[in-house]
Undergrad: 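I'd like to ask some things about the structure below.
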Amino acid sequence: MEKQLYYVNLNPISMDTISPTRVDDGQLIEYEIEATVTEKKALEELLHEVQSHDVELGNLISFRHFDDQKGDRDKNEYQRGLNDVYEALYNLGTAETKQKIQEIHLVNNDQ
């Protein structure tokens with residue numbers, strides 16, 4: 001399958017949107033990736049999963065903030081999801097994207 005160029009931003013409101021067009025907005029950090037249709041779909045599903053976990057009603061309106069262990073588990077689960085997102089972005093990323101992710105130390109170079 002042929003790879004296409006796409007742009008991904010991790011805006012919490014539209015995290016699962018992968019666009020073939022660069023958004024010219026200095027407020028956004030966009031990640032440029034090269035992906036097949038199948039790879040794009042898998043990344044969209046991962047982004048949607050992470051985003052939906054972040055905005056689950058139970059996470060927004062609850063008394064979980066009184067339960068430190070449950071709150072920590074929730075934060076750790078969300079962080080693991082974000083780690084998976086950055087790993088996927090790195091794997092599909094252009095040289096510029098890989099450099100951005102390395103600069104913010106979100107990739108494990110021990111592999």
Undergrad: Do Val8 and Ile104 share a hydrophobic cluster (ILVMFWY, side-chain heavy atoms under 4.5 Å, transitive)?
TA: yes

Undergrad: Any side-chain heavy atom of Leu92 sitting closer than 4.5 Å to one from Thr97?
TA: no

Undergrad: So which atom in Tyr86 and which in Ile101 form the shortest heavy-atom distance, rounded to 0.1 Å?
TA: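 So the two residues come closest at O-CD1, 3.8 Å.
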
Undergrad: Hey, could you give me the NZ/OG1 distance between Lys100 and Thr94, rounded to the nearest 0.5 Å?
TA: 8.0 Å

Undergrad: Is there a donor in the side chain of Asn83 and an acceptor in the side chain of Gln79, or the other way round, less than 3.5 Å apart?
TA: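 A pair is found: one side chain offers a donor N or O, the other an acceptor, under 3.5 Å apart.
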
Undergrad: Would you kindly confirm whether Tyr7 and Leu46 end up in one hydrophobic cluster when ILVMFWY residues are joined by side chain heavy atoms under 4.5 Å apart?
TA: no

Undergrad: Return the minimal non-hydrogen interatomic distance between Ala88 and Leu43, and the atom names on each side.
TA: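 So the minimum-distance heavy-atom pair works out to CB-CD1, 3.9 Å.
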
Undergrad: In Å, rounded to the nearest 0.5 Å, how long is the span from CG of Leu10 to OG1 of Thr17?
TA: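 So the CG of Leu10 and the OG1 of Thr17 are separated by 11.0 Å.
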
Undergrad: For Glu34 versus Glu39, what's the shortest heavy-atom pair and its separation?
TA: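 Heavy atoms of Glu34 and Glu39 come nearest at O-OE1, 4.2 Å.
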
Undergrad: Can you measure from OH (Tyr6) to CZ (Arg22) and round to the nearest 0.5 angstrom?
TA: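 CZ of Arg22 is found 15.5 Å from OH of Tyr6.
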
Undergrad: Indicate if Val50 and Ile29 have the same hydrophobic cluster label, given that clusters are the connected sets of ILVMFWY residues with side-chain heavy-atom separations under 4.5 angstrom.
TA: yes

Undergrad: Which heavy-atom pair separates Lys40 from Ala35 by the least distance, and what is that distance?
TA: N-CB, 4.0 Å

Undergrad: If I take atom NE2 from residue His48 and atom CD from residue Glu45, how far apart are they, to the nearest 0.5 angstrom?
TA: 9.0 Å

Undergrad: Taking salt bridge (charged side-chain N to carboxylate O under 4.0 Å, His left out) as the test, write out the residues that go with Glu30, two or more places apart.
TA: none

Undergrad: Look at atom NZ of Lys41 and say whether more than 12 heavy atoms of other residues, nucleotides or ligands are closer to it than 6.0 Å.
TA: no

Undergrad: Can you tell me how far CD of Glu96 sits from OH of Tyr31, rounded to the nearest 0.5 angstrom?
TA: 11.0 Å

Undergrad: Tell me whether Leu89 shares a hydrophobic cluster with Val37, the cluster being built from Ile, Leu, Val, Met, Phe, Trp, Tyr side chains joined at under 4.5 Å.
TA: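 No, it is not one cluster - the side chains of Leu89 and Val37 are not joined through contacts under 4.5 Å.
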
